[in-house]
Amino acid sequence: MKRKFDKTRKHFPEPDGHRPPPPPPTPMMLINEISRMFHNRLRHETEGMLNMNNSCRMLLTHLSWKDGKTQLELANEIHMRPPTVSVALQKLESFGYVTRKTDQSDMRQIRVYLTEKGFQHNDLIKKCLEEAEKTVMNGITEEEAAEVERILLKMRENFRIAANNGNNNDVDEI
């Protein structure tokens with residue numbers, strides 16, 4: 001029996017007319033969904049006071065840990081393409097959150113530093129991150145959290161190994 005395409009439901013019905021149940025989500029599907037929910041929450045909570053995208057938030061956070069990095073170092077650390085980092089840094093610089101200075105020991109290098117305003121905004125982001133993490137980790141024991149972290153680190157390393165073996169050059173970039 002030839003299946004008919006149901007344009008309203010975007011699937012092929014089974015011969016008896018019933019749609020099969022969807023397959024269970026894979027671990028990567030769940031990770032992607034949780035990541036999107038997390039970023040949507042951050043965007044929602046910070047949009048009024050910060051008006052910045054995820055790239056800018058990530059740059060502020062990384063620079064708050066250790067500033068004085070080059071644009072390329074930042075791109076490698078946060079797994080973004082250098083042009084994306086460049087655009088985000090221009091936006092952060094226009095808001096007065098970062099400043100760029102020529103490296104005195106190597107005049108070809110330009111280093112990025114957080115301003116006082118950048119540190120203050122990062123504190124707001126940090127509070128939002130902590131609240132989101134409390135929400136997502138509610139009801140999860142320390143042992144479970146440690147196991148999740150161990151597994152996620154292993155998965156990230158698997159991607160990096162695959163990238164180094166030439167399987168995918170874009171694995172380390174977002």
key: Inter- and intrachain pairs under salt bridge (Lys or Arg N to Asp or Glu O under 4.0 Å), touching residues 61-74, at least two apart   = Lys69-Glu77, Glu73-Arg111

request  = Say whether Phe95 and Val87 are linked into one hydrophobic cluster, either directly or through other cluster members, by side-chain heavy-atom distances under 4.5 angstrom.
outcome  = no

request  = Could you give me the CA-CA distance, side-chain angles and deciding distance for Gln109 and Thr102, then say whether side-chain contact (heavy atoms from CB on, under 4.5 Å) is met?
outcome  = CA-CA 6 Å; Gln109 297 288 331; Thr102 304; over 6 Å; no

ask   = Sequence neighbours excluded, which residues qualify as side-chain hydrogen bond (donor to acceptor under 3.5 Å, both in side chains) partners of Asp106?
value = Arg108

message = Applying side chain to side chain contact (heavy atoms under 4.5 Å, CB included), can you list everything that pairs with Glu143, at least two apart in sequence or on another chain?
response = Thr141

request  = State plainly whether one hydrophobic cluster holds both Met28 and Leu152, where clusters connect Ile, Leu, Val, Met, Phe, Trp and Tyr through side-chain heavy atoms under 4.5 angstrom apart.
outcome  = yes

remark   = Residue set satisfying side-chain hydrogen bond (donor to acceptor under 3.5 Å, both in side chains) with Glu33, at least two apart, ordered chain then number -> none

remark   = The side-chain hydrogen bond (donor to acceptor under 3.5 Å, both in side chains) partners of Ser94 (sequence neighbours excluded) come to none

ask   = Under 4.5 Å between any side-chain heavy atoms of Leu89 and Gln71, yes or no?
value = yes

Pairwise salt bridge (Lys or Arg N to Asp or Glu O under 4.0 Å) hits with a residue in residues 120-133, at least two apart = Glu131-Lys134

task = Rounded to the nearest 0.5 Å, what's the gap from NE2 on His121 to CD1 on Ile125? Could you check?
result = 7.5 Å

key: Shared hydrophobic cluster, Leu42 / Ile34 (ILVMFWY, side-chain heavy atoms < 4.5 Å)   = no

message = Apply side-chain contact (heavy atoms from CB on, under 4.5 Å) to residues His79 and Arg160 and explain how you reach the verdict.
response = CA-CA 11 Å; His79 314 292; Arg160 287 187 174 151; 2.6 Å; yes

Could you pull out all donor-acceptor pairs under 3.5 Å where a side-chain atom in residues 58-65 meets a protein atom, sequence neighbours excluded?
{"from": "Thr61", "atom 1": "OG1", "to": "Arg57", "atom 2": "O", "distance (Å)": "3.0"}
{"from": "Ser64", "atom 1": "OG", "to": "Thr61", "atom 2": "O", "distance (Å)": "2.6"}
{"from": "Ser64", "atom 1": "OG", "to": "Asn122", "atom 2": "ND2", "distance (Å)": "3.0"}

ask   = Does a side-chain heavy-atom distance below 4.5 Å link Leu129 with Phe38?
value = yes

task = State which residues pass side chain to side chain contact (heavy atoms under 4.5 Å, CB included) with Thr115; sequence neighbours excluded, sorted by chain then number.
result = Thr99, Lys117

remark   = dist Arg81:CZ -> Ser86:OG (nearest 0.5 Å) comes out at 14.5 Å

Distance-minimising heavy-atom pair for Cys56 and Ala88 = SG-O, 3.8 Å

inquiry  = Side-chain heavy atoms nearer than 4.5 Å, only ILVMFWY residues, links allowed to pass through others: does that put Tyr113 and Tyr97 together?
reply    = no

query = Going only through I, L, V, M, F, W and Y residues with side-chain contacts under 4.5 Å, is there a path from Val148 to Met137?
reply = no

key: Residues Asn40, Met37; criterion side-chain contact (heavy atoms from CB on, under 4.5 Å); working and verdict   = CA-CA 5 Å; Asn40 286 341; Met37 293 168 74; 5.8 Å; no

message = Could you work out, with salt bridge (Lys or Arg N to Asp or Glu O under 4.0 Å) as the rule, every residue matching Glu144, not counting sequence neighbours?
response = none

message = For Asn53 versus Lys91, what's the shortest heavy-atom pair and its separation?
response = N-NZ, 4.3 Å

inquiry  = Looking at Glu157, I'd like to know if its CD atom is crowded, meaning that more than 12 non-hydrogen atoms belonging to other residues, nucleotides or ligands lie closer than 6.0 Å.
reply    = yes

inquiry  = Tell me the closest heavy-atom pair linking Ile140 and Val136, and the distance in Å.
reply    = CD1-O, 3.6 Å

query = Who pairs with Arg36 by salt bridge (Lys or Arg N to Asp or Glu O under 4.0 Å), at least two apart in sequence or on another chain?
reply = none

note = Shortest non-hydrogen pair, Ala132 vs Arg41, comes out as CA-CZ, 3.8 Å

inquiry  = Using the rule given for side-chain contact (heavy atoms from CB on, under 4.5 Å), can you reason through Ile110 versus Lys101, listing the C-alpha separation, both sets of side-chain angles and the distance that settles it, and then say yes or no?
reply    = CA-CA 5 Å; Ile110 297 186; Lys101 297 179 183 172; over 6 Å; no

message = For a 4.5 angstrom cut-off between non-hydrogen side-chain atoms, does Ser55 reach Val85?
response = no

